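Heads up, the thing below is written out as structure tokens.
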Amino acid sequence: MKQTANFLSLRFMTGILISAGVLPVMFFCYQHLEANKEQMGRVAFSLVFCLLLSSWFVILRNARRADEALLEGNRQLLLRTKELEELNTHLEERIKERSQSLVNLQTQLSSSEKFSAIGHLAAGVAHEINNPIGFINSNLQTLQQYVVHYTRLLGILNKLEKALRDKDAQRAAELVSSWEKIRTETNFAFMGGDINNLLKESQEGAQKIGRIVSDLRTLASPDRGTVDSVNIEALLESMLNIVHNEIKYKAEVKREYGHPPCIVCNPQKIGQVFINLLMNAAQAIQNKGLITLRTYTEEDFVCVDIIDTGCGIAPENFSQIFNPLFTTKAPGTAVGLGLSLSYDVVRKHEGNITFNSQLGHGSTFSVKLPLVAPVTNVSFTWRPYERD
């Protein structure tokens with residue numbers, strides 16, 4: 001379109017220059033040719049008039065062509081604009097698809113890390129469940145033996161009652177003699193007290209199994225994005241209950257709870273963060289060590305510190321700690337997603353996670369979560385998460 005406009009402008013200027021060049025020639029002829037001046041004037045006037053008509057014709061034709069070129073340029077511009085709009089729409093769709101793919105991938109990685117942790121803990125959790133099941137089974141076997149003795153006693157009492165109703169004194173005397181023999185052979189006083197202890201131990205074991213299963217269900221059930229009013233110390237105890245078998249042989253757990261108020265959060269996600277940090281703390285301790293759990297309130301945040309006396313982190317790794325797929329553990333033992341996902345979860349709760357470490361002297365990981373629920377989480381289902 002620009003080349004067409006330049007071409008038309010060039011033709012217009014050529015016409016003007018030709019007109020401007022002919023006029024001086026005609027004027028010169030009119031001045032120097034004495035004969036037929038009147039005839040020459042007419043000829044000159046005719047030529048000038050024809051040149052002017054030709055110039056106006058050129059001007060009008062150039063203007064028409066310029067309009068046509070302008071219309072064509074506008075049409076091309078509209079086509080280009082439409083193409084750009086279509087391309088922009090296509091790009092927006094691609095961006096949405098890519099964003100959704102990234103969200104799905106992140107969800108899959110989060111679930112993979114969660115179930116990887118659960119799989120790693122499976123043997124320990126099975127051991128934790130097997131212990132109470134073992135003594136419950138033993139208690140039931142003992143109770144079964146006690147039931148045999150009480151069944152014999154109940155049989156004698158029923159027969160004695162029948163003999164007394166029939167006024168059969170001899171039969172009654174025989175039954176009383178049998179009862180005296182059984183009472184001598186069996187310590188019913190001990191059994192009465194022991195039955196209460198067995199039932200109490202069995203109930204405690206069943207409650208422990210119930211807590212472990214409940215805690216696993218909280219961690220492993222599908223995440224529906226719901227947020228609850230959570231007692232952060234109760235949630236921490238639940239996750240500690242799951243990893244107890246990983247810790248008990250390597251470290252003593254010290255609790256320094258400040259009893260902060262409940263916060264609004266996603267207990268599954270925050271529970272996974274605590275699982276990751278507790279397992280890292282246990283794995284950082286080579287021999288016997290100490291893991292300290294500290295809770296407190298700092299300004300508008302509830303804070304949880306998980307402190308271990310393990311091997312610590314080398315300074316050159318500080319900048320990579322929260323990077324995806326970074327790990328200092330042996331190949332095949334970890335994928336390096338735990339801290340990365342934990343950082344992402346805490347940031348999405350509008351909180352923060354930091355660490356302080358000294359090589360050879362242990363590490364401290366601090367999780368800060370807001371006391372006031374973020375605006376995006378104002379509407380939630382109130383399901384207080386408490387532990388007994």
Side-chain angles (χ1 to χ4, degrees), residues 113 117 120-121 124 128 215 219 230-263 265 267 269-323 326-329 333-334 336-347 349 351-371 387:
E113 178 67 18
H120 181 77
L121 295 169
E128 289 295 309
D215 296 338
L219 182 66
V230 175
N231 182 327
I232 205 70
E233 292 174 357
L235 181 61
L236 188 58
E237 285 293 320
S238 293
M239 301 304 106
L240 186 63
N241 192 33
I242 294 175
V243 300
H244 178 65
N245 196 69
E246 292 285 321
I247 295 176
K248 66 181 181 181
Y249 299 112
K250 303 181 70 174
E252 176 188 353
V253 177
K254 180 182 178 182
R255 296 167 176 82
E256 297 179 358
Y257 289 164
H259 308 298
C262 292
I263 63 170
C265 68
K269 295 291 189 181
I270 299 302
Q272 186 179 349
V273 170
F274 291 155
I275 285 282
N276 294 336
L277 295 180
L278 288 169
M279 288 184 63
N280 285 348
Q283 291 167 359
I285 297 172
Q286 301 299 325
N287 299 314
K288 196 67 176 177
L290 176 68
I291 295 177
T292 303
L293 308 179
R294 182 179 298 148
T295 61
Y296 54 95
T297 304
E298 185 178 279
E299 296 179 349
D300 295 329
F301 293 88
V302 167
C303 305
V304 178
D305 290 350
I306 298 179
I307 309 164
D308 67 74
T309 56
C311 59
I313 302 170
E316 59 267 23
N317 294 329
F318 283 5
S319 61
Q320 305 180 73
I321 283 298
F322 296 114
N323 289 349
F326 174 78
T327 180
T328 58
K329 299 174 185 176
T333 61
L337 290 174
L339 286 177
S340 173
L341 292 174
S342 297
Y343 182 84
D344 185 58
V345 166
V346 174
R347 294 298 292 174
H349 278 76
N352 193 20
I353 178 170
T354 57
F355 74 95
N356 183 25
S357 183
Q358 186 176 358
L359 193 62
H361 293 82
S363 305
T364 299
F365 279 83
S366 300
V367 177
K368 289 185 176 182
L369 297 169
L371 275 168
R387 281 288 302 274

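Nothing here was measured: the structure is a model prediction, and the numbers come from that model. Here, residue 1 is the first one in the sequence, and each next residue gets the next number.
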Please determine whether side chain to side chain contact (heavy atoms under 4.5 Å, CB included) holds for the pair Leu293 and Asp305, giving the CA-CA distance in whole Å, both sets of side-chain angles, and the decisive distance to 0.1 Å. CA-CA 6 Å; Leu293 308 179; Asp305 290 350; over 6 Å; no

Is Lys288 salt-bridged to Glu252, cutoff N-O under 4.0 Å? no

Nearest-0.5 Å distance that lies between atom SG in Cys303 and atom CD1 in Ile232: 10.5 Å

Could you walk me through whether Leu236 and Val304 pass the side chain to side chain contact (heavy atoms under 4.5 Å, CB included) test, one step at a time? CA-CA 9 Å; Leu236 188 58; Val304 178; 4.0 Å; yes

Is there a side-chain contact between Lys368 and Val302 in this structure, where contact means two heavy atoms from C-beta onward sitting under 4.5 Å apart? no

Any donor-acceptor N/O pair, Lys250 side chain to Ala282 backbone, under 3.5 Å: yes

Starting at CG of Asn231, measure out to CD of Glu237 and round the result to the nearest 0.5 Å. 10.0 Å

Non-hydrogen atoms of Cys265 and Val230 that approach each other most closely: SG-CG2, 3.7 Å

Would you say Glu299 has more than 12 foreign heavy atoms packed within less than 6.0 Å of its CD? no

If I take atom CG from residue Asn356 and atom CD1 from residue Ile313, how far apart are they, to the nearest 0.5 angstrom? 9.5 Å

Can any side-chain N or O of Thr295 pair as donor or acceptor with the backbone N or O of Gly258 at less than 3.5 Å? yes

Is the gap between the ring centers of Tyr296 and Tyr257 under 6.0 Å? no

Min side-chain heavy-atom separation Phe301-Leu371 under 4.5 Å: no

Closest non-hydrogen atom pair, Gly312 against Ser363: CA-OG, 3.6 Å

Would you sort out whether Ser342 and Asn276 count as a side-chain hydrogen bond (donor to acceptor under 3.5 Å, both in side chains), showing the intermediate values? CA-CA 8 Å; Ser342 297; Asn276 294 336; 3.1 Å; yes

Applying side chain to side chain contact (heavy atoms under 4.5 Å, CB included), run through Ile291 and Thr309 and close with a yes or a no. CA-CA 7 Å; Ile291 295 177; Thr309 56; over 6 Å; no

Under the criterion side chain to side chain contact (heavy atoms under 4.5 Å, CB included), I'd like the reasoning laid out for Val345 against His349: C-alpha separation, chi angles, the key distance, then a yes or no. CA-CA 6 Å; Val345 166; His349 278 76; 4.0 Å; yes

On a heavy-atom basis, the closest approach of Thr297 and Pro261 is OG1-CD, 3.8 Å

Could you check whether Lys254 pairs with Glu256 (Lys NZ or Arg NE/NH1/NH2 to Asp/Glu carboxylate O, under 4.0 Å)? yes

What distance separates Met279 CE from Ile242 CD1, expressed to the nearest 0.5 Å? 11.0 Å

About how many Å separate CG of Leu341 and NZ of Lys269, when rounded to the nearest 0.5 Å? 8.0 Å

How long is the gap from CD1 on Ile306 to CZ on Phe365, to the nearest 0.5 Å? 9.5 Å

Please examine the side chains of Asp308 and Leu290, heavy atoms only from C-beta on, and report whether any two atoms are closer than 4.5 Å. no

Ile285 and Ala251 have their tightest heavy-atom pair at CD1-CB, 3.7 Å

